[in-house]
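A quick note: this is a predicted structure, and the numbers were derived from the prediction, not measured. Residue numbering restarts at 1 for every chain, and letters A, B, ... go by the order of the sequence lines.
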Amino acid sequence: MSAPAEAALDALRKALGDGLRSCALDGGTLRLQVAPDALHQAALHLRDADGLRFDYPGDLFAWDTGERFVVVYRLWSTTLSQTALLRVELERDGAAVASVTDIWPGMNWHEREVYDLYGIEIVGHPDAGDPTRMRILLPKDWEGFPFRKDYVPVFSGDPLHGPQETN
Amino acid sequence: MSLPPLRRPAPTRTGFECDPAFVAGQFAAGVAVLVAAIAVASALPRLPWGLVDPLLVLIGSHPVINALIKALTVTVFVTVHVIFLIWLERKFAGWMQARLGPMHVGWKGALQTIADAVKLLMKEDIIPTRADRILFIAAPFLTFMPTLLTFMVLPFSEKWVAYDFPLGILFVLAVTTNISLGTLAAGWGANNKYSLLGGARACAQVLSYEIPMAVAMLSVVTLEGTMSLTEIVKHQQHGWNIIAHAPVMIPAFLIFMVCGLAELNRTPFDLPEAESELVSGFHTEYSGMRFAFFYLGEFAANFFTAGLAVTLFFGGWLGPWLPAPIWFGIKTIAVVTLFMWIKWTVPRLRVDQMMGFCWKFLVPASVVVFCATAVWVMVAGS
Amino acid sequence: MTAMQPAVGASTSSDMTINLGPQHPSTHGVLRLMVALDGEYVKSCRPVVGYLHRGLERMMAARPYRQSVPFTDRLDYCASLNSNLAISQAIERIGGMAVPERAQYLRVMLCEMNRIASHLIFFGTYAADIGATTAFLYAFRERERLLDLLEAYTGARLTCNWIRPGGVASDMPEGYAQAVCAFLDGFLKELDAYDTLLTGNPIFRVRTEGVGIISPEKAIAYGASGPVLRGSGVNIDLRRTEPYDAYPRTQFDVPLRTEGDCLARYLVRVEEMRQSARIIRQCLREMPEGEHWGKQPKVFRPAAGEAYSRTESPRGELSIYLVSDGTANPVRVRVRGPSFVHLSMLPELVRGVKVADMIAILGSLDTVLGEVDR
Amino acid sequence: MRLIVSFAQGFVSILKGMAITFLNLVGRRKITLQYPYQRPNVSPRWRGIFYLPYNDEAGRINCVGCTLCAQACPTGVITMTKMGAGKHASVNAFTMDLGRCMFCNLCIEACPFDAIHMSTRFELASVDRGVSLLTIDKLAQGGADAVERTKRTIEAALEQEAAAKAAAAAAKAQAAAGAQAAEGADA
C-alpha cells in the first residue's frame with residue numbers, strides 16, 4: 001500500500017475515532033468495518049481522499065446472520081486497481097443505514113434491493129419512506145422481506161400465484 | 001361431489017408427426033384443382049360467347065353500368081394482385097434473410113396469403129371499449145379508398161385504363177393525400193397511445209413527402225407538357241424518360257423513389273408503424289378484417305406507386321414483342337421488388353431526421369431538379 | 001395569466017404516460033418502462049423490473065455449493081458459460097481448489113465462444129431495434145452455428161452448465177478444434193459483411209452517433225462495466241486488470257472508444273467479437289495436454305469466511321460474493337449482474353431524448369433481464 | 001461540397017448494403033429447417049430426456065438405488081425406492097419430475113454405476129403436466145418389460161442368495177452339529 005493511501009487511512013482513523021471498528025489489508029483487499037452512524041462519512045472519505053479514490057461502486061448487498069444484518073459495500077478504485085470492502089453490522093430491530101446514492105449514484109438500485117429483500121431502511125435515499133417506490137424486485141405491495149432468516153412465506157392457496165397474491 | 005381427474009391420459013399421438021397419407025391427400029387435392037382449372041380453361045373458348053357479346057355491349061354502353069363494371073374490375077384486380085404481392089414480399093424477405101419464407105400452404109406457400117385472409121376474416125372483430133367507434137370503423141376504409149381510386153387513372157395500356165383523365169397527375173396527387181386522413185383517424189380513433197403517436201407521425205410524414213414528390217412529378221409534366229398519364233407514356237415512344245432525359249430524370253426518379261418509400265410507410269420511413277418503438281403504430285388495436293384492409297391498402301399503394309414510377313420514367317406499357325399490359329406488369333413488379341429490396345436492407349430513421357431530410361434536403365433538391373428540367377426543356381427544344 | 005403557466009418539469013395536459021412493456025417488441029424480455037412523454041420527447045422514465053425475479057440468490061444459498069452452478073445458467077441466459085465461470089471461481093476461491101492448466105484454456109475458449117454468441121444477439125437485436133430486420137437474421141444465422149458447436153461440446157445450447165468448480169465437466173470431443181477454426185474463418189468473413197451492411201449504413205450512423213452519451217466520469221460513478229464503460233473511454237477490462245484463468249497467457253486487444261455514445265458501444269462489441277475469435281484461436285493452439293478436472297474434495301465444506309470473484313462477462317463485470325459459515329451450504333450468494341447496474345442508468349440517459357432514441361439507448365446497454373431480476 | 005460528398009458516400013454505402021442482401025438473396029443456401037418434417041441432427045452429447053439403460057447380459061437395469069443422483073440433484077427431481085439388498089439391489093420405483101428438471105447433467109455425473117443416461121430426444125413439450133412425471137416404466141430402456149425382468153433377475157438372485165445362505169447355514173449347522181456330536185463322543 002502506497003504512502004498516500006496509508007496517510008489517507010490514518011486520516012480516516014482520526015476522523016472516525018471509535019466509529020472505525022477495524023481496518024486491515026488482506027491479500028490486496030482493503031477490509032474496513034465501521035459503525036452504522038459513521039458509514040456515510042467513511043464512504044465519502046474513501047471516495048475523495050487522495051491515495052484511495054474508491055470511485056467505482058462495485059456492489060452493495062446484505063446478509064442475515066440470524067442475529068444481525070451485515071451490509072457490505074464492495075468498492076473499487078480505478079486509479080489504484082484495488083478493492084475495498086466496507087462493512088457495517090446492524091441490529092435486527094429497526095435496522096437502518098445511511099444512503100450512499102449521493103456519493104455513488106450507481107448504488108441507488110442496490111440500496112433499493114437491500115431494502116426490498118431485507119427490510120433495511122435506507123435513510124436519505126431518493127425514494128426512501130415510500131415502500132411502493134423502494135420495492136424493486138418484488139411487487140410493490142409485497143408484505144415481508146423474503147431474504148430474512150425469519151421470513152415465513154404465506155401460501156395464497158393458489159399454486160399459479162405463488163406464495164402471495166400479487167398484481 | 002366428485003372432482004374431475006387432475007391428470008388427463010397422455011395423448012397417443014403428438015400431432016406433430018408427419019402423416020404421409022395426409023400429405024399425399026393434400027398433394028392429390030392440389031393436382032385435382034390444377035386439372036380442373038386446365039379443363040375449364042380449355043373449355044372456355046368453345047362456349048357460345050357470341051350469344052353473350054351483344055348483351056355485354058348493350059349493358060356496357062350504359063354509363064352507370066359501364067362505370068360499375070370498371071369499378072368492379074379495378075377492385076377485383078387490386079384484391080387479387082395484393083394477394084400475390086404479399087406472397088412475393090414474404091418470399092423475397094425470406095430469401096434475402098437466408099430463410100425460405102412461407103412453404104406449407106400451396107406450392108412454395110403460394111396460397112399462404114389466401115389462408116391468412118381466410119383466417120383474418122374468421123377472427124373476432126375487436127373494437128376497444130373506449131375507442132371512437134365511428135372513426136375506428138371508418139379508418140381502414142378511409143386509407144383503402146384513395147388507393148383504390150388512384151387505380152382508376154393508372155394506364156395498364158393505351159386501352160386498359162379505367163378513366164383516361166386529362167389531369168391524371170393532379171387527380172393522383174389530390175387523392176393520395178387523403179390516405180393520411182385514414183391513418184390519422186385510425187390513430188385517434190383507437191384511443192391508444194401508440195396509435196396516436198403512430199397516426200401523428202404518419203400524417204406528418206405523408207403530408208411532408210407529398211411536396212417533393214409532387215415537384216418531382218411536375219418536372220415530368222414540364223418535360224412532357226401534359227398531365228395525362230396515357231399521354232406521358234405515348235410521348236416516351238422514342239425512349240424512356242429516364243434514358244432520353246437522363247441528366248434531369250435520374251435525380252427526379254431518385255427523389256420520387258425516396259418520397260414513394262415515405263408515402264408507403266416502408267423502411268427507412270416506417271416510423272408510423274415502427275415496431276420496436278410503437279408496437280404497430282396506428283394499427284396497433286386493429287385485428288381481423290379491419291387489419292387486413294390496412295394491409296390491402298398498403299400493398300395496393302405499393303403497386304400503384306411503382307406503376308406511377310413506371311409510367312412517368314420507364315415508358316409505361318411500351319415494350320417489344322409482349323402485349324402492353326404484360327410489359328407494364330413486368331416493369332411495375334420490378335419496381336415493387338426494388339421497394340422491397342430497400343425495405344429489407346436499411347434501418348429506420350428517427351422522426352426529426354425524417355422530417356429534416358424532407359424539408360432540408362428533398363424539397364430544395366426537388367426544386368433544383370424542377371428548374372433544371374425547365375432549362376433542359378429549353379435547351380432540348382431549341 | 002400566471003396561473004395558466006405550468007411549472008417547469010411539472011406535468012402538463014400535453015403529457016402522456018405510456019408503458020413500454022412488460023410485453024413490448026423492444027424491451028428484450030419482461031421489462032416495463034413507465035415513460036412520461038411530451039409529444040415525441042421523453043420527460044421521465046422509470047424502469048420497473050422484477051417480473052423474472054425467482055430468488056435465485058436464496059435458492060443457491062439453500063443448496064450445497066456445487067449445486068448452485070446450474071442456477072447461474074439462468075442468470076444471463078445469453079452467456080451462461082460466463083456465469084458458470086463466475087460462480088466456479090468464487091467456489092474455488094472459498095474452497096481453495098486448483099484448476100489444471102488445460103481446464104483453464106478450455107474455460108477461456110468456452111467463455112469467448114459464448115461471448116461471441118452473446119454479442120451476436122446484441123448485434124441482431126440492436127439492428128432490429130434500429131429497424132434493420134435483415135441484419136438481425138444474419139446475426140442469428142451465425143449464432144446458430146456457434147450454438148451448434150457449443151451443443152457438440154456441452155450437450156446444451158443455452159444453459160450449458162459445463163464450467164464447474166475445479167475445471168470443466170468434460171474434455172473436447174474429437175475434431176472439435178478443427179470445427180471451431182472452420183467456424184471462425186467463416187464467421188470473420190461474415191462479420192465484415194455485417195460491417196458493410198449495418199455499421200457503414202448512414203441511417204444506422206445518424207441513429208446512433210451522439211445518442212445516449214455517457215461521460216467517463218458518469219460511467220464510473222454509476223459502476224458501468226464492460227462495453228458500456230469501454231465505449232466511454234475507460235480502459236478497464238477485468239480480463240486485463242484482474243486477469244484470471246488463461247487470460248494472462250493470451251494476447252488480445254481491449255477495444256476502446258472515447259465517444260461514449262450508442263455507436264461507440266456498438267463498435268466496441270463488434271470489435272470484441274474479433275478479439276474473442278483471436279483468443280479462441282490462441283487457446284486452441286496453446287492448450288497443453290492434461291486433465292480437464294482438478295482434484296476435488298468429496299464433501300465440500302469450506303471454512304467459515306468470505307470470497308468473491310470478478311469476471312468479465314459479455315455485458316460487463318459479473319461478480320459473485322460467497323459467504324460461508326463452515327457448513328455445506330453457503331450463507332449468502334450474491335450475484336452482481338452488469339445489466340442491473342446498466343439499467344439503473346437508463347432514467348438519467350433518456351431524459352429529454354426522443355422515443356426512438358430511448359429504444360436505441362436501451363438496446364445499446366444490452367441488458368438481459370434474467371440477470372437484472374435474478 | 002462537403003454535403004454532396006457525404007451524401008454520395010452514404011448513397012454508395014447503402015448500395016453496398018443492398019449488394020450484400022442481394023448476394024444473400026440469390027447466392028446463399030437457405031438455412032431454414034422445416035421443423036416437423038425435417039428434424040435437426042443433434043449432437044451425440046445432447047442432454048435430452050432420461051433413460052435407465054438396460055444391461056442385457058445381467059438382465060437388469062444398472063441402477064442399484066444408491067440415491068447418489070437424487071442427492072446430487074439441485075432441484076429434487078429424483079425419488080426412488082430400493083429393492084433387494086447388498087450386491088443384488090435395484091429399484092422398483094424411480095420417478096423423475098421433469099417439470100423441475102434443469103437438464104444440468106449433475107445426476108449423470110454423480111452415478112458410479114452408469115445407470116442413468118440422457119438421450120438425444122429433445123421434443124419434450126406437451127400439453128399435459130402429467131406427462132412430465134416420468135415413472136420407471138417410462139424411464140427404463142425397454143419399458144415395463146425391462147423393469148419386470150429386472151425384478152425377476154433380482155428376485156432370482158436374492159432367492160439364490162438366500163438359498164445359498166440357507167445351504168451355508170445348514171452346512172454350518174450340520175458341521176456344528178457334527179462337531180457337537182464329536183464333542184459329545186469325546187465326552
(message) Sort by residue number and list every residue of residues 185-198 of chain B having at least one heavy atom under 4.5 Å from chain C.
(response) B:Lys193, B:Tyr194, B:Leu196, B:Leu197
(request) Write out, in numerical order, the residues from residues 340-360 of chain B with a heavy atom short of 4.5 Å from a heavy atom in chain C. (result) B:Trp344, B:Thr345, B:Val346, B:Pro347, B:Arg348, B:Leu349, B:Arg350, B:Val351, B:Asp352, B:Gln353
(request) Can you establish whether the number of heavy atoms outside B:Arg133 located under 6.0 Å from its atom CZ is more than 12? (result) no
(request) Verify the neighbour count for atom CZ of C:Phe136: are there more than 12 heavy atoms of other residues, nucleotides or ligands below 6.0 Å? (result) yes
(request) Measure C:Tyr138 against the heavy atoms of chain B and call it side chain, backbone, both or neither at under 4.5 Å. (result) side chain
(request) Go through the atoms of C:Val211 and report whether side chain, backbone, both or neither lie under 4.5 Å from a heavy atom of chain B. (result) side chain
